[in-house]
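To start, the structure itself, in structure tokens.
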Amino acid sequence: MAEVPIEHGLLLAAVLFLLGLIGVMVRRNIIFILLCLEIMLNAAGLAFIVAGSRWGQPDGQVMFLFILTVTAAEVSVGLALVLHLHHRFKTLDADAMSGMKG
Amino acid sequence: MPELLRYLLVILGVVLAPLTIAAGLTWGERRLLALFQDRYGPNRVGPAGVLQVLADMIKILTKEDWVPPFADRPVFVLAPAIIIIATYLSFAVIVFAPGIAVAELNIGLLFFLAMSSLSVYSVALAGWASNSKYALLGSLRSIGQMLSYEVFMGLSLMGVVVMAGTFDLGAIVRAQAGLWYIVPQFIGFFIFFIAGLAETRRIPFDLPEAESELVAGFHTEYSGMKFAMFFLGEYVAITLFAAMLTVLFLGGWHGPGSQSTLVALGWFLLKTLALIAVFILIRASLPRLRYDQLMEFGWKVMLPLSLVNLLVTGAVVLWRG
Amino acid sequence: MTIVFYLSAAVAVIATVLVITRLNAVHALLHLIVSLLAIAVIFFTLGAPFVAALEVIIYAGAIMVLFVFVIMMLNLGPHAAEAERRWLDPAIWVGPGILALILAGEVGYLILRGAAGTTGAAIVGPQTVGVSLFTTYMLGVELASLVLLAGLVGAYHLGRRRGAGEDGEGERTNG
Amino acid sequence: MYSLIWLVPIVPFAGFLLLAFAGRYLPRRAVAIIGPGAVGLSAAVMLLISGQFLAAPPAGYAYEQTLWSWIATGGLEVGFTLYLDPLSVVMGCVITVVGFLIHVYATAYMAEDEGYSKFFAYMNLFVGAMLLLVLGQNLLVLYLGWEGVGLCSYLLIGFWYKKPENGAAAMKAFIVTRIGDVALLIGLFLLVVQFGTLDIPAILAAAPGAWAVGAPAAVAAALLLLGGAVGKSAQLPLQTWLPDAMAGPTPVSALIHAATMVTAGVYLIARLHALFALAPGALLLVGIIGAATLLLAAFSALAQHDLKRILAYSTISQLGYMFLALGVGAWTAALFHFMTHAFFKALLFLGAGAIIHSLRDEQNIFRMGGLRRRLPAVYWTFLAGALALAAAPLITAGFYSKDLILFAAWVSPVGNRWLWGAGLLGAFLTALYTFRMVFLVFHGPERTAPHGRPGPAMTVPLMILALLSLLGGFVETPADLGGVHLFSSFLGHALPGLAAHGSPALEAALQLLSTVAVLGGIALAYQLYLRRREATARWLARPAPDAARRLLLAGWGFDWLYDRLFVRPFVWLATVNKDDSVDAFFRGLARASLLLHGALSRAQTGNLRWYAVGFALGVMALLAIVVFR
């Protein structure tokens, strides 16, 4: 068992999350944006696991399972949308798809 | 340090045994196929052509290891390695006989599933990195097929997990001391067997490589040692599935006779080899499916069947307390 | 075992950095898989083997494969990487980088403000998680299944070929 | 036996449902059986129950049946309860019997109408609602029936909805009575607040203890209830809807606007007599309204030339008599007159319907004449009804009931000579306009030739009603003419009797005076409209009488007055406020939010990555708040 201080686990989650956030802000390719979203979601899951591990309780893992579920649903719909958008705009540039605005 | 020595011996055995069996299969399959199809097969090199394995090896090793210029080089190289690594890692959790295992994990079964799902990447990346039409189409097919069949492959094993109450492969084998799970879990066995065929991309599920349509599918551009790795990977995977079937449904090392480790290992080997023979027999007797038939069979027949199996198993286990 | 944690953490961070900087989508994806596998190892070391296995089976084995599948369907070759190079002007990293640094400072401050103990108190096996899942979090499971169903329906609907009229897809693909 | 009381309102409702939903698919013959059959069954049950009520009355002369609990909240509990006492027995019997006869009559009268099943559906619904009104044990059930009959009245007045003026008449009736209904509803709220219950017996029992005589709350409650009664019973100042209501089919006029619904106000006041006894001022107002209405309406009736409008004004006038009786505390007399009036007014309307029917929808009495020989059955029955209406002495029911009212107006402690005088003048006018109508329609030269004669489905109800109009009065006769007191002794169990009794000599004198007035009226009619008709016409053509005639024809110009007083100012106000001034505020809100929205929507660039930056900034700000707090 890795007796790691909880702060280290949480910091790792935060770093991963922020890397994902940077990716979302920087990348223009929708595929990359989705990948970065995955990173962020996974980082959130990591934070849950770390917290659950701190108390030796299953709740953190349960939360991770829920995140996994949400991710699966998000990815299936998201990728279907990507296919659709690529078909329509002939590009994956997120900036090119700014038609739906206020 | 006899304990450490024994451990190293086991590791060595686990590394060598599947490789030996797989290599032997290159010869064995051809011989068996020839038998089923009423012809001779390799019989020139050595007694009964056994040394054919050696001849093949020499040929492959001396071939030029060529990477197409249009390929994505790092990925192209990585792809064949993944399948060997993933399947080999699975052997780490298999319990061959009491105490004979690299790691008797409490999530051994999940580990096996994780590794088999990773082997998809091998096919996918190979097809993508080749940067060629046939390879791409072949790997697209194989991804669809393997993703689909993985779903109920996992589900079909859950019946066993429910009955044994654990993911630990050793515990599962021990739980079959009285009755092999092939009897109460026959549907699970059947489904897992078919899923195994699909996961190893054997006939009748060999669409990804379908020679007649896609030349050779995802490994069209591969040659030499890399091709050999795919080739070998397939046989290792067959061996792995036969071993998993033995562990999960055929009682693993259990069998009549003395309880010594060697007898147990012998039983295990016997069951595994018999299953491999069945795999080859199926290749000899069934035609290839059409892609839509394959998908429909997977989602509309096998998935519901495995769900019903899980439901009934769960209900029975609950009912019996 | 703590060394495993820190090693994996380093691998995860490096791999993730590579993910967000790669030009080739498949390479990025491979790095992400490495990152996920590293995190799976971290889960294992933190006493959550069940989730570690699921991370590999579902995250790496299914969700990421979907990405590969889509990338392959879109056939993102060298020209896509070229476009990425054009889009990824070095200057573009500055703003988000500063923002992330500020956020990192804030989060780090919040996390490090108080000592909270160590992880890995015990291994929480699949059975415990399952019991918790189907008792305390029953409603959550139901909702999650609903979300999945919605995702299924949505993906099916989006993936279906539309009839002619939307943007001319109908003429080409009638099968 | 009493437990069957729920059948009485339910059967017509069932008939309504059947006809409303399946009527389209039923043959006319089936409709003609279901419609009257439902009311007939109800009448049979009602009569059986009444028979038992007479033979073996329940304890305390009242029977309650709670069908289910309707509302049970906090302090208020209202059950769906039916109540049987002498008052509701009398009302119920009259409604079901007269209703049944009118239904039978209508099967022939409406025979050629396309909305045959619809008509009977509405009629059944009306009878059911009316029965609910009189059988309700609490004011909520009563109010349900009250609104139900109002609805049916609206539906039936506008039954021939294809003519716009019929629809207008229906709306007028509905809206005018609504004024009264609102007053009634407020009155009910007041009673709930005061007594915490809507059960009529409980209120009647509690009121004398809770309120002193003349207490403001009592007066307010009585006035509000009176408002409702005035609206429903077409009394001053809400009488204007009734003449227009004649737009409906004649059976409707007979049933709703003569015999039953319009008496709901009378019933309400009689039912809640204890409240009015606590408010002498309101009671006096009831009497004054009654007297004024009966005179105004009688004068108006004199000038009408439409047969049904004459009868309509006559109805208003006779209802005025009932209010007069109520106003002097002669509850029994009012109910007695209600009963006899139901008989003879239904008879007159049905007779008028028969005439109109055979004259192909001719309603102007000046284009009629000499129908005595062509329609003998109608003539004789109509004559019986006319005599009863004019209160011809000794032989008619109307005489006994009207005489009782006049006597009560003289001797009652709350009555006075003026009210009596108004009643007497009214009796004279009644005789005059009644026989003006009779002589013009049935005597003299023939002007329009009738087509065929009414069949038995029309004449048999006429004859039964004629018999009832002539003989119905003998259940209650004055002391000097037999002294029968069946009716008042029966009702005495539910309503207090008249406090005072005059001497026999006084009674005889009053009877003589009214007899003189009635006979004088008939004789004057004979002179004016049969013997010297041309002279009358010539005199009427002069400017002053003509102006008076036109004023009376228009019902004293109340419609004109209300138009000027209420309708036009309201329409003017609505026109001025076309762009609702209150709306300006909300429109401003909408515009402001639109502006704000426009500003916000600028932030929505459609650029996904900017949104991500926005999220990140937001998170940063939130965390900063946590950090630097």
Side-chain angles (χ1 to χ4, degrees), chain A residues 1-7 9-12 14-16 18-23 25-29 31-32 34-36 38-39 42 46 49-50 52-59 61-62 64-66 68-77 79-84 86-88 92-93, chain C residues 1-2 4-5 9 12-13 16-17 19-20 25 28-29 32 36 39 43 45-48 50-51 54 58 63 66-67 70-71 74 84 87 92-93 96-97 100 103-104 107-108 111-112 116-122 124 128-129 132-133 137 140 144 147-148 150-151 154-155 158-159 167 169:
Chain A
M1 269 317 83
E3 300 271 336
V4 193
I6 185 171
E7 293 86 355
L10 290 177
L11 276 179
L12 174 64
V15 167
L16 291 177
L18 289 172
L19 284 173
L21 185 61
I22 292 176
M25 289 189 285
V26 166
R27 305 304 296 240
R28 282 169 74 173
N29 189 323
I31 298 260
F32 277 94
L34 278 177
L35 280 180
C36 294
E38 293 310 306
I39 296 171
N42 200 46
L46 175 62
I49 296 292
V50 168
S53 169
R54 162 69 180 84
W55 305 105
Q57 291 296 318
D59 304 60
Q61 298 192 40
V62 169
F64 181 81
L65 290 184
F66 288 152
L68 205 61
T69 318
V70 172
T71 311
E74 174 250 332
V75 165
S76 58
V77 175
L79 287 177
L81 275 173
V82 167
L83 284 180
H84 221 67
H86 186 257
H87 205 91
R88 204 184 170 107
L92 285 175
D93 186 0
Chain C
M1 275 289 256
T2 47
V4 178
F5 174 87
V13 171
T16 307
V17 169
V19 171
I20 62 172
L29 203 77
L32 181 54
L36 290 177
I39 289 173
F43 287 168
T45 64
L46 289 180
F50 181 56
V51 166
L54 283 187
I58 294 176
I63 296 177
L66 269 185
F67 273 97
V70 169
I71 291 170
L74 299 180
E84 288 290 328
W87 289 341
I92 207 171
W93 292 93
L103 269 173
V107 173
I111 289 174
L112 296 174
T118 56
T119 59
V124 181
T128 324
V129 176
S132 179
L133 204 56
Y137 294 99
V147 168
L148 278 179
L158 287 169
D167 48 16
E169 289 172 85

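From a predicted model like this one, the values you see are computed outputs, not experimental measurements. Every chain is numbered from 1, with letters handed out A, B, ... down the list of sequences.
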Which bit of [X] comes within less than 4.5 Å of chain C, counting heavy atoms only: side chain, backbone, both or neither?
| X | value |
| --- | --- |
| A/Leu19 | both |
| A/Leu35 | both |
| A/Glu74 | neither |

Is any side-chain heavy atom of [X] less than 4.5 Å from a side-chain heavy atom of [Y]?
| X | Y | value |
| --- | --- | --- |
| A/Asn42 | C/Leu32 | no |
| C/Thr45 | A/Val4 | no |
| A/Leu46 | A/Val50 | yes |
| A/Asp59 | C/Tyr137 | yes |

inquiry  = Counting only non-hydrogen atoms closer than 4.5 Å, does C/Val51 touch chain A with its backbone (N, CA, C, O), its side chain (CB onward), both, or neither?
reply    = both

request  = Please state whether the side chain, the backbone, both or neither of C/Leu103 comes within less than 4.5 Å of a heavy atom of chain A.
outcome  = both

Using a cut-off of under 4.5 Å on heavy-atom pairs, state which of [options] scores highest against chain C.
| options | answer |
| --- | --- |
| A/Val15, A/Thr71, A/Val70 | A/Thr71 |
| A/Gly9, A/Cys36, A/Ala14, A/Ser76 | A/Ser76 |
| A/Val77, A/Val75, A/Ile49 | A/Ile49 |

Please rank [options] by heavy-atom pairs under 4.5 Å with chain A and give me the top one.
| options | value |
| --- | --- |
| C/Val107, C/Leu133, C/Ile71, C/Val147 | C/Leu133 |
| C/Ile92, C/Val13, C/Val4 | C/Val13 |
| C/Gly140, C/Ala150, C/Gly154 | C/Gly140 |
| C/Trp87, C/Phe67, C/Phe50 | C/Trp87 |

Spatial distance of atom [atom1] ([X]) from atom [atom2] ([Y]) [nearest 0.5 Å]:
| X | Y | atom1 | atom2 | answer |
| --- | --- | --- | --- | --- |
| C/Ile39 | C/Leu46 | CD1 | CG | 11.0 Å |
| A/Leu11 | A/Leu16 | CG | CG | 11.0 Å |
| A/Leu34 | C/Ile63 | CG | CD1 | 11.5 Å |

ask   = Is C/Thr16 reaching over with its side chain to a backbone N or O of C/Ala12, donor-acceptor style, under 3.5 angstrom?
value = yes

